[in-house]
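Before any comments, here is the structure.
Quick note: residue numbers are just sequence positions, from 1. Small disclaimer: the values here were computed from a predicted structure and weren't measured.
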Amino acid sequence: MTLPPKVTDRAFDRLAEIGAAAEGKALRVAVEGGGCSGFQYEIALDEVKDDDLVLEGAGQRVVIDSVSLPFLASATIDFADELIGARFVIENPNATSSCGCGTSFSM
């Protein structure tokens, strides 16, 4: 059984801080070919589309398209605010390796 990604409260809180839902937007997390490890994450504010899985919390939405969903099974979408910067991060148990920046991975 494939489990959908999980979104942390911290990620939903950050979306609320930036006013995503107030603008009618959701956080889109997608996987595309490319990057230094074979696949890369694309993270952007976007409209909800018909084939999206919609994850909701705290009045906010995170969406994942049907093509990206198998690559993100059981992943965790989080928000990190560290000394080097603040960003949405993905902890993906399906990735066998990733690059130093954390935006590309291989399976």
Side-chain angles (χ1 to χ4, degrees):
M1 181 172 152
T2 303
L3 296 175
K6 176 186 164 202
V7 182
T8 65
D9 291 341
R10 198 169 36 217
F12 282 129
D13 290 346
R14 179 61 179 154
L15 286 170
E17 285 175 22
I18 61 176
E23 294 178 19
K25 303 283 184 177
L27 182 73
R28 177 169 301 283
V29 178
V31 174
E32 296 183 351
C36 55
S37 295
F39 295 99
Q40 62 187 3
Y41 299 114
E42 291 292 325
I43 301 173
L45 292 179
D46 196 7
E47 307 281 330
V48 177
K49 297 185 177 131
D50 290 339
D51 73 333
D52 288 339
L53 169 69
V54 180
L55 304 168
E56 296 186 70
Q60 304 299 312
R61 297 177 294 176
V62 173
V63 296
I64 301 164
D65 64 88
S66 60
V67 174
S68 299
L69 191 55
F71 296 101
L72 295 166
S74 301
T76 300
I77 301 163
D78 195 6
F79 182 78
D81 191 358
E82 302 167 343
L83 188 58
I84 59 171
R87 62 188 174 118
F88 288 98
V89 294
I90 298 160
E91 296 172 26
N92 191 342
N94 306 301
T96 57
S97 65
S98 63
C99 66
C101 65
T103 61
S104 89
F105 66 99
S106 62
M107 294 182 80

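Considering every non-hydrogen atom in both Arg28 and Glu47, the closest pair reads NH2-O, 2.9 Å. Listed here is the closest heavy atom pair of Phe79 and Ala11: CB-CA, 3.9 Å. Pairing each heavy atom of Ala75 with each of Pro93, the nearest pair is CA-CD, 3.7 Å. In terms of heavy atoms, Gly59 sits closest to Ala21 at O-CB, 3.4 Å. Nearest heavy atoms, Val48 versus Ala26: CG2-CB, 4.1 Å.
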Worked verdict on Ile43 versus Ile90 for side chain to side chain contact (heavy atoms under 4.5 Å, CB included): CA-CA 10 Å; Ile43 301 173; Ile90 298 160; 3.9 Å; yes
Candidate pair Phe88 and Val29, rule side chain to side chain contact (heavy atoms under 4.5 Å, CB included), full reasoning: CA-CA 10 Å; Phe88 288 98; Val29 178; over 6 Å; no
Stepwise side chain to side chain contact (heavy atoms under 4.5 Å, CB included) check, Leu55 with Ile64: CA-CA 8 Å; Leu55 304 168; Ile64 301 164; 4.1 Å; yes
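No salt bridge links Arg10 with Asp81; every basic N to acidic carboxylate O contact stays at or beyond 4.0 Å.
Looking at Asp51 and Val67, their side chains never come closer than 4.5 Å, going by heavy atoms from C-beta outward. By the 4.5 Å heavy-atom criterion applied to side chains, Val31 and Pro70 are not counted as neighbours. Leu72 is not listed as a side-chain neighbour of Pro4, based on a closest heavy-atom distance of 4.5 Å or more. Counting heavy atoms from C-beta outward, Val7 and Leu27 have side chains that stay 4.5 Å or more apart.
Follow the hydrophobic side-chain contacts under 4.5 Å out from Tyr41 and you reach Leu69 in the same cluster. Residues Val89 and Leu45 do not share a hydrophobic cluster, clusters being chains of Ile/Leu/Val/Met/Phe/Trp/Tyr side chains in contact below 4.5 Å.
For the atom pair Glu42 CD and Asp65 CG, the distance stands at 11.0 Å (nearest 0.5 Å). Between Ser66 atom OG and Asp50 atom CG the span is 10.5 Å, to the nearest 0.5 Å. Atom CG of Asp52 sits about 8.0 Å away from atom CG of Asp46, to the nearest 0.5 Å. Taking CD of Gln60 as the start and CZ of Arg14 as the end, the distance is 11.5 Å to the nearest 0.5 Å.
Relative ring orientation between Phe39 and Phe71 is described as tilted, the plane-to-plane angle lying within the 30° to 60° band.
Put simply, the side chain of Asp78 never gets that close to the backbone of Glu91: no donor and acceptor are under 3.5 Å apart.
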